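Remarks on the structure that follows.
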Number of protein chains: 2
Amino acid sequence: MNESLINDLSKNLGRVKANTMADDVELKLRQYLKKMSLKPGDALPKETDLAEALGVSRNVVREALSRLRMLGMIETRKRKGMVLASPDILQAFERVLDPLIIDDTTLRDIFELRLVLEMGLADLLYVRMTEADIDELEQIANNEINKDKSFLVKNEIAFHGKLYEMTGNSTLKRFQIMLLPVFAYVIALVDKPVSGKIDHRGLVSILRNGSKEDFKKGMYAHLKPHFDRLK
Amino acid sequence: MNESLINDLSKNLGRVKANTMADDVELKLRQYLKKMSLKPGDALPKETDLAEALGVSRNVVREALSRLRMLGMIETRKRKGMVLASPDILQAFERVLDPLIIDDTTLRDIFELRLVLEMGLADLLYVRMTEADIDELEQIANNEINKDKSFLVKNEIAFHGKLYEMTGNSTLKRFQIMLLPVFAYVIALVDKPVSGKIDHRGLVSILRNGSKEDFKKGMYAHLKPHFDRLK
DNA sequence: AATGTTCAATATGTCCTACATATAGACAAA
DNA sequence: TTTGTCTATATGTAGGACATATTGAACATT
C-alpha cells in the first residue's frame, strides 16, 4: 500500500466522478438561461414544470436550483416562481476563500495575485484619484506613528484598502477585501513582517507630487520584501 | 405603475430576503468545517445524523450539501459518507462569470481588473520567465503576420495567455482564462479594436533585451487604447 | 385617486417514506 | 500478497403530503 504512490496516481488520473442528476440539471438550467438569453427579472418555469420537463424528481430540481440561488443567479418568491437575477460574481468566491481550506500552492498563488494587483493599481489610480482621496490616505498613513503592532496591522489594511478604493472600481475593492485573510495568513507564516524602504507616508507623498512611474517604483520598493521571497 | 422607477427602487433598497433553512444549514455547515479545523480527507457525519442534529429534514441538509459539493468543499462517496475536499476556488467563479448575465458596471470593473493584472504581471515575469518561454512567445507573435482577423483574435488570446503562463502562477493563469469571455464581450461593444503603438513583437523584443521598466512602459503603450477609454 | 382590507389561488419550503445503487470493508480463494 | 465475492450501509432519487407566504384581484374607505 504505497500511500504516496496512490496519491500520485490519483493526481495524474483524476477521480472518476459519476455526475449526479443534480449536476446535470444544474448544467442544463445554466445552459437554458444562457440559450434563452433571459434578462434579469424575467420569469422562469416553476419547479414542478422543470422537474417534469427534465424527467427528474422535484428534489433533484430543487438541489440544482438551490445552487443557482446560492450563486445569486436566480431568486425565488413564494407564489410568483423564480426570476433570473444579476449574480454577484464575488459572492461565490467568498464562501470558498478560507485560508484554512485552500491548499498551499493556491495560497501562494493568491498571495502573488495580490502583489500583481497592487503593482498594477497605479494606472487606474492616476486616472481616478482625487485630492480628497490623497488627503484621506495621508491621514491613515499619519495614524501609524507611535502605535502598537496590532494597530499597525489594521492600519496596513486600511491603507492598502483605501488605495483600491481610490481606483473607483468597486469589484476590485471587494476582491481585495476577500483576499485579505489569505494575505494575513501568508504573512503570519513568515518569520517576521518586514517593510520595504518606502513606507506609507512615502507613497502618499509620491501620489501628491510624483509621477505615475515614481509611484510604481515606490510601490515596488514598498513591497520588495515580498518580491524577494519569490522563487 | 412606473416600471423603471420600481426597478430603481428595488435596486437601491435591496430585496428583503427571508433565509430558508437550507441557507442556515449551509452557513452552519461551513462554520462547522471551519471550527473543527478539518483537513482535506477527513470524514464528515452522514446526512441523516446531520439532519437530526440540526433538527431539519434530510432534504434541507441535502440542499446545503449540494451547494458545498458544487463549490468543491466536500466530496461524497456512496457508502463512506462525505469527506472534506480542497476546493477549487475558481470553480464557483466560472459558473457565474457569464457576460450576458453580469451587469454592465461589474463588466466594466472586470475589464479594468484585467488591465490592472496585465500591468502588474511584469514583476512576476522578470522573476520567473525563461529563454524558452520567450522563444515560444516570439513564435506566437510572429504568427500574426498576414493573417485574417479571426485568427488575430485567437492569437491575441494566445499571446496574452502565454504571458500569464510565464508567471508560473497557475491560479493567475486560470483566472485570466475565465476573464477572457468578459474581455471579448467588452471589446465587441467598442467601435473597433485598436492596437497600441507597441505590438506583440515589440513586447517580445523588450522581454529579450529590455529592463522590467521598459516592459512596463511597453505594456502600457500596448494597452493604451483601453486606458484612454477609461473615465 | 390613493390607500386599506379581505380573500382565494398557488408556487415554494419543508417533511416523510420508500427504494435503487454503488461501494467500503470484511472475508474467502487463488 | 493479490484477486474475487458478499453484505451492510450511506448516498441518490422518487413521489406524496402539507404548511406558508405572497401575489393579484376585488372591494371598501379616506
Side-chain angles (χ1 to χ4, degrees), chain A residues 1-3 5-7 9-10 13 15-29 38 41-85, chain B residues 1-3 5-7 9-10 13-29 41-85:
Chain A
M1 307 291 192
N2 192 331
E3 182 72 31
L5 185 93
I6 291 178
N7 228 315
L9 259 178
S10 156
L13 291 171
R15 287 197 68 85
V16 283
K17 44 162 194 279
N19 279 4
T20 68
M21 304 199 107
D23 293 330
D24 289 353
V25 171
E26 183 212 329
L27 183 63
K28 286 202 172 181
L29 285 178
L38 295 171
D42 288 355
L44 271 58
K46 61 187 182 192
E47 292 179 356
T48 49
D49 287 351
L50 286 174
E52 199 174 348
L54 291 163
V56 296
S57 78
R58 195 175 150 225
N59 271 343
V60 171
V61 172
R62 277 190 64 80
E63 279 195 25
L65 289 174
S66 183
R67 298 178 179 186
L68 300 188
R69 203 158 35 228
M70 178 190 63
L71 296 177
M73 296 180 72
I74 61 173
E75 278 171 14
T76 54
R77 304 237 272 288
K78 263 288 161 72
R79 173 192 140 118
K80 194 170 186 189
M82 294 168 294
V83 296
L84 189 62
Chain B
M1 307 290 189
N2 192 331
E3 181 72 32
L5 186 92
I6 291 178
N7 227 314
L9 257 177
S10 156
L13 290 171
R15 288 199 66 85
V16 282
K17 45 162 193 278
N19 279 4
T20 68
M21 306 197 102
D23 293 330
D24 289 353
V25 171
E26 184 212 328
L27 184 63
K28 287 202 172 182
L29 285 178
D42 288 356
L44 272 58
K46 63 188 182 190
E47 294 178 356
T48 48
D49 288 350
L50 286 174
E52 199 175 347
L54 292 163
V56 296
S57 78
R58 195 174 148 226
N59 269 349
V60 171
V61 172
R62 276 191 63 81
E63 279 196 25
L65 289 174
S66 183
R67 298 177 179 187
L68 300 188
R69 204 158 35 229
M70 178 190 62
L71 296 178
M73 296 180 71
I74 62 173
E75 277 171 15
T76 54
R77 305 240 267 286
K78 263 289 162 68
R79 172 188 143 124
K80 193 171 185 187
M82 294 167 293
V83 296
L84 189 62

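Predicted model only: the values in this text are computed from it and were never measured. Here is the naming used below: chain letters follow the sequence lines, and residue numbers restart at 1 for every chain.
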According to side-chain contact (heavy atoms from CB on, under 4.5 Å), who are the partners of B:D24, at least two apart in sequence or on a separate chain? B:N19
Students should find that the end-to-end axis angle of the helix from C:dA1-D:dT30 to C:dA30-D:dT1, with five pairs defining each axis and rounding to 10 degrees, is 30°
What is the minimum heavy-atom distance between B:G72 and B:A85, and which atoms define it? O-CB, 3.5 Å
List, with names and distances, any nitrogen or oxygen atoms from the protein found under 3.5 Å away from nitrogen or oxygen atoms belonging to nucleotides 3-7 of chain D.
none

Strictly by salt bridge (Lys or Arg N to Asp or Glu O under 4.0 Å), give each pair with a member in residues 48-61 of chain B just once, sequence neighbours left out. B:E47-B:R58
Drop me the distance from A:L44's CG to A:L65's CG, to the nearest 0.5 angstrom. 8.0 Å
Nearest whole Å is fine: how far is C:dC15 C1' from B:E47 CD? 15 Å
As an exercise, state the distance from OG1 of B:T76 to CZ of B:R62, rounded to the nearest 0.5 Å. 7.5 Å
Residues touching DNA chain C, which here means a heavy atom under 4.0 Å, drawn from residues 50-63 of chain A: A:R58, A:R62
What's the NZ-P distance between A:K80 and D:dT23, to the nearest Å? 7 Å
Between A:K46 (NZ) and C:dT12 (P), how many Å, whole number? 8 Å
Using whole Å, what does the distance between atom P of nucleotide C:dT12 and atom CZ of A:R77 come to? 12 Å
Is any side-chain nitrogen or oxygen of B:T76 closer than 4.0 Å to OP1 or OP2 of D:dG12? yes
Can you name the closest pair of heavy atoms from B:L29 and B:A64 and give their distance? CD1-CB, 4.1 Å
Rounded distance (Å) that lies between atom C1' of C:dA11 and atom CE of A:M82: 9 Å
Rounded distance [0.5 Å steps], CG in B:D23 versus CZ in A:R69: 7.5 Å
Rounded to whole Å, the CG-P distance (A:L65 to C:dT12) equals 8 Å
Please state how far atom NZ in A:K78 lies from atom P in C:dA11, giving the value in whole angstrom units. 14 Å
Starting at atom CD of A:E75, determine the distance to atom P of C:dG13, rounded to an integer number of angstrom. 12 Å
Listed by chain and number, what are the side-chain contact (heavy atoms from CB on, under 4.5 Å) partners of A:A22, not counting sequence neighbours? A:T20, A:V60, A:E63, A:R67
Considering all heavy atoms of both residues, which atom of A:L84 and which atom of A:M73 are nearest to each other, and what is their separation? CD1-O, 3.2 Å
Please test A:L68 against A:M82 for side chain to side chain contact (heavy atoms under 4.5 Å, CB included), starting from the C-alpha separation and ending with a verdict. CA-CA 11 Å; A:L68 300 188; A:M82 294 168 294; over 6 Å; no
For B:V25 and B:V61 the tightest heavy-atom approach is CG1-CA, 4.3 Å
